[in-house]
Amino acid sequence: MSSTDLLDKAYEPYDVEKRWYDFWEKEGLFAATEKSEQKGYSIVIPPPNVTGVLHMGHALNNTLQDILCRYRRLRGDNVLWMPGTDHAGIATQNVVEKKLASEGNDRHQLGREKFIETVWKWRKEYGGQIIHQLKRLGASCDWNRERFTMDEGLSRAVRKVFVQLYNEGLIYRGNYIINWCHRCHTALADLEVEHEEIDGNLYHIRYPFADGSGEIIVATTRPETMLGDTAVAINPDDERYSNIGATEVILPLMNKKIPIIKDKYVDMSFGTGGLKVTPAHDPNDFEIGTRHNLPAVKVIGDDGLMTDEAGEFKGLDRFECREIVVDKLRKEGLLEKIEPHKHNVGHCYRCKTIIEPNLSKQWFVSAKPLAEKAMDAVRNNETKIIPETWNKTYFEWMNNIRDWCISRQIWWGHQIPAWTCETCQKVIVATNTPETCPDCGGKNLIQETDVLDTWFSSALWPFSTMGWPDETPLLKTFYPTSVLITGFDILFFWVARMMMMGIHFMGDIPFKDVYVHALVRDEHGKKMSKSTGNVIDPLSVIEEYGTDAFRFTLAAFAAQGRDIKMSEKRVEGYRHFVNKLWNAARFALMHIPNSNFEFQVSSFKPLSLPDRWILSRLGKATETVAENLDTYKFNDAAGAVYQFVWHEFCDWYLEAIKPVLYGNEGQEKKDATTRVLWRVLRDTLVLLHPFMPFVTEEIWHKLPGTEGSVMKAVFPSDTPDAADVAYNAEAESEMELVIGIITGIRNIRGEMNISPSLALEVLVQSQDKKIRETIQQHQDIITHLARLSSFSVEQPGERPKASATAITEGATIFLPLEGIIDFAKETERLEKEIDKVTKELTGASKKLSNEDFLAKAPESVVEKVREKHETLAEKRQKLQLNLDKIKEIKK
RNA sequence: GGGCGGGUAGCUCAGUUGGGAGAGCACCGGCCUUACAAGCCGGGGGUCACAGGUUCAAGCCCUGUUCCGCCUACCA
């Protein structure tokens with residue numbers, strides 16, 4: 001590509017993105033090396049649901065991962081970003097069932113085997129959607145290694161884990177109260193229940209004593225469960241009931257005698273202090289029932305309809321039954337009253353159906369022993385959670401962890417590797433399908449029909465994806481992973497469980513760092529949801545503004561510990577930034593020769609002030625970007641590079657070197673500056689690449705003197721010629737002086753409304769010889785950037801009359817403009833400036849006259865304030881002088 | 001009920017051992033200056049939620065109040 005081929009005037013992302021993504025994949029630039037001398041760096045992707053489509057959360061999550069992976073590659077690491085999806089048991093089954101229903105079919109008609117076949121077919125056809133969307137985002141995953149939680153390898157890991165935990169006594173099976181979703185027809189883990197406050201009623205029901213000596217009133221929010229009551233409980237300390245003789249009540253509607261029991265659990269201050277006990281339909285009642293050996297009567301079936309045990313109510317829907325029960329109680333005069341009552345009701349996290357606590361035989365993981373070590377790892381800093389504030393949440397949950405119900409009554413998932421011998425009822429748990437019963441030799445072995453919770457398999461993700469249970473080179477190179485990037489919403493679901501499983505099975509933590517990022521909300525801070533209609537589709541944003549602008553927006557707003565409020569307007573702003581870079585490159589390419597070009601900056605010395613300055617600033621920007629990416633401060637990293645590119649490189653450097661590039665200063669100077677320009681652009685592209693991979697790659701290929709992909713570039717601070725961009729104190733302070741003078745002149749121009757096209761004559765006075773020399777030396781830059789017709793520097797002496805003035809540190813600027821300046825305006829401007837300075841000056845004086853401050857503040861602070869006071873006083877004095885002068889002339 | 005986070009410019013937010021209140025957008029004024037009007041130059045704007053306290057010094061540390069958001073939980 002020759003430099004005479006100008007870039008288009010505006011950056012058009014669409015074609016560029018497609019082209020380079022294909023190129024990267026084709027060149028194998030995303031591939032990790034199994035064995036390498038390089039430092040290993042690995043991230044496993046939080047596997048999106050195979051049913052999923054890319055939303056803002058995914059976009060943020062994966063953009064951050066991609067930034068880190070691309071950055072680490074530039075730093076020379078051997079990077080593995082492991083991609084994949086999870087099988088999302090309930091969600092996927094729901095989707096496929098819906099599809100079947102639309103075809104007038106259902107899974108029971110198909111049968112289990114056929115149904116699972118259908119799901120696989122669906123997965124093949126539609127399951128890759130989100131992977132394609134991740135590619136649009138620029139995700140540099142090692143796609144050849146893509147995994148799926150239902151893959152053969154991962155399934156093997158699941159079986160092995162299940163069997164081992166069972167043998168260790170950490171998995172057990174039993175009848176317990178679990179959360180039951182009638183719509184999904186399965187048990188759910190406690191975590192999968194979403195609590196929501198709803199306006200319900202508190203029903204007060206009279207339970208007559210069996211001996212006719214009176215009654216006790218109990219309160220309930222779910223009257224239909226009374227049909228399954230097996231006791232009424234009171235607190236043993238409750239004086240209201242200390243004198244009752246009755247030991248039993250008659251359960252209304254059922255006409256059944258049930259005992260009155262005493263249990264400390266009962267809260268005396270709630271209602272009447274009488275509690276109905278339904279062990280089959282309430283977790284607390286279940287525990288009370290266990291303590292008192294009460295029978296558990298299941299009146300609500302797994303289908304949501306009342307069971308045989310519900311007597312005359314049999315077959316009614318649970319909510320319908322509630323109304324009828326209440327109605328009947330009222331008629332029989334057993335309903336004391338109904339009070340409105342707000343309470344929390346559990347809903348299924350997949351389908352929002354109201355959850356019923358239900359007695360059921362399920363499989364559980366005994367979590368406490370696993371949680372202990374998972375807590376230790378964080379306590380000992382083996383795994384660091386960032387930001388730290390999430391430690392508390394992590395410990396809070398781990399400390400109160402309860403056993404994890406892992407069986408699901410659905411078909412799509414890992415079928416539990418347990419068999420029951422029909423002959424002797426022995427339960428066999430094994431990785432391979434057993435042929436005969438080891439106890440009785442029976443051949444009729446029936447496999448457990450339940451499948452495992454999807455999170456059970458995702459808990460193994462960091463090592464199952466790398467080939468475990470085999471000892472693979474991949475595991476050796478990349479486990480433990482370097483960092484996990486995730487949203488806090490799955491801290492418990494996933495992160496905590498990976499910690500438990502990783503430590504238990506690998507004997508080592510699954511990740512060294514866990515970076516917890518925020519949620520993406522809409523521009524008003526509301527959670528995005530389909531029902532609210534405030535969802536912004538990342539893909540439409542990408543279509544409209546380009547991937548680079550979108551990614552940069554996400555990074556720029558990814559401040560630790562705060563949610564991101566996303567609006568398209570923000571993205572638009574960063575599209576301007578992409579375009580700015582594009583045009584800066586366009587400008588640079590107009591001046592960088594494309595042949596016989598020696599790119600070493602160091603061979604051209606001495607360099608001009610702008611050259612030395614921009615190299616110093618580039619070094620600073622490089623350092624800042626690295627520091628902030630190393631500590632997951634994505635917004636600060638993005639901010640630093642943005643500031644550098646726009647306000648230092650474009651606003652000052654490119655403007656300052658124009659005369660040189662136009663050849664006004666001779667070929668030698670031009671050659672030197674061109675090298676610096678090239679160098680800064682090259683390094684800038686590398687710095688920006690992790691954030692904006694596409695536009696940087698596009699420019700990289702247009703820039704002479706670069707080879708291959710920018711992905712293969714070396715991070716600026718790691719290059720052999722990194723010394724060129726070291727901090728240069730002299731250049732920075734000289735440039736500050738020059739910038740100060742220019743800004744002073746521009747300020748007058750702006751405030752006085754002097755036409756930009758009018759070239760001005762400017763005189764600068766300074767007492768400091770060094771300052772005078774520096775200014776003199778760089779007067780061409782000042783003349784150019786401030787648009788001057790003449791410029792001179794001298795010692796303080798005669799003040800030009802009729803001039804506007806500005807004060808910078810160490811120098812006074814005079815803009816003699818007889819006939820041009822407006823005296824009234826200049827007076828006003830100076831007065832305003834004096835006001836400002838006076839205010840600051842007063843603050844400093846106050847401090848300096850405070851003896852305590854002088855005595856107790858550190859010397860360096862006092863000195864700083866003294867200096868400040870001195871400069872301000874001087875500035876004020878000069879301003880005052882100028883004001884007096886103006887007023888004098890005005891007269 | 002328990003826990004966490006937040007209240008800083010009109011808006012969205014930075015502000016990391018306590019010592020100069022900042023950015024982006026929006027707004028106002030001036031510019032088509034041959035990279036970019038998706039741009040350039042200049043400018044205005046804040047009792048850092050409120051009340052106390054510690055300190056020479058508080059946006060930052062402590063206490064209390066208040067408002068908002070989230071997580072978590074078995075008061076029927």
* **Side-chain heavy-atom pair A/Val625, A/Glu623 within 4.5 angstrom cut-off** => no

* To do: Round to a whole Å and report the spacing from CD1 of A/Ile401 to P of B/rC74.
  => 14 Å

* Asked: Taking the six-membered ring for Trp, is the centroid-to-centroid distance between A/Phe550 and A/Tyr545 below 6.0 Å?
  -> no

* Please state the P separation for the pair B/rU16 and B/rU54 - nearest whole angstrom. => 24 Å

* Asked: What interatomic distance, in whole Å, is found between P of B/rC40 and the corresponding atom of B/rG24?
  -> 11 Å

* Could you tell me the separation between the NZ atom of A/Lys702 and the P atom of B/rA35, rounded to a whole number of Å? => 18 Å

* List for me each residue that meets ring-ring contact (aromatic ring centres under 6.0 Å, His included) alongside A/Tyr632, sequence neighbours excluded, and say none if there are none. => A/Tyr515

* **Distance-only donor-acceptor test (3.5 Å): side chain A/Lys580, base B/rC36** => yes

* Asked: What integer number of Å spans the P atoms of B/rC11 and B/rU17?
  -> 28 Å

* Length of the CD1-C1' vector between A/Ile205 and B/rA76, whole Å -> 11 Å

* Which is true for A/Pro357 with a 4.0 Å heavy-atom rule: it touches a base, it touches only sugar-phosphate, or it touches nothing? -> nothing

* Asked: Checking all strands, does A/Asp267 fall into the base, sugar-phosphate, or nothing category for heavy-atom contacts under 4.0 angstrom?
  -> base

* Does A/Lys658 get its side chain close enough to the base of B/rU33, under 3.5 Å, for a donor-acceptor pair? -> no

* Separation of B/rA14 C1' from A/Asn628 CG (nearest whole Å) -> 12 Å

* To do: Could you tell me whether A/Glu851 contacts a base, only the sugar-phosphate backbone, or nothing, with contacts defined as non-hydrogen atoms closer than 4.0 Å?
  => nothing

* When rounded to the nearest Å, what value does the distance between C1' atoms of B/rA76 and B/rG3 take? -> 24 Å

* Contact class for A/His647 (heavy atom, under 4.0 Å): base, sugar-phosphate, or nothing? -> sugar-phosphate

* **Separation between the C1' atoms of B/rA9 and B/rG64, rounded to whole Å** => 28 Å

* Rounded to whole angstrom units, what separation is found between the CZ atom of A/Phe587 and the P atom of B/rG39? -> 18 Å

* Please state how far atom CG in A/Leu554 lies from atom C1' in B/rG24, giving the value in whole angstrom units. => 16 Å

* Asked: If we take the P atom in both B/rG10 and B/rC48, what is their distance in whole Å?
  -> 12 Å

* Asked: With a 4.0 Å cut-off on heavy atoms, is A/Thr220 in touch with a base, just the backbone sugar-phosphate, or nothing at all?
  -> sugar-phosphate

* With a non-hydrogen cut-off below 4.0 angstrom, is A/Asn753 in contact with a base, only sugar-phosphate, or nothing? -> sugar-phosphate

* Just how far, in rounded Å, is P of B/rA57 from CG of A/Asp852? -> 7 Å

* Should the pair A/His341 and A/Phe270 be assigned to parallel (<30°), tilted (30 to 60°) or perpendicular (>60°) ring geometry? -> perpendicular

* To do: Please say whether more than 12 non-hydrogen atoms of neighbouring residues, nucleotides or ligands are located less than 6.0 Å from NZ in A/Lys658.
  => yes

* Could you state the atom-to-atom distance from OH of A/Tyr642 to P of B/rG24 in whole Å? => 7 Å

* Asked: Reckon A/Lys392 touches a base, only the sugar-phosphate, or nothing at all at heavy-atom distances under 4.0 Å?
  -> sugar-phosphate

* Structure fact -> Closest of B/rG44, B/rC56, B/rG42 to the A/Asn747 side chain is B/rG42

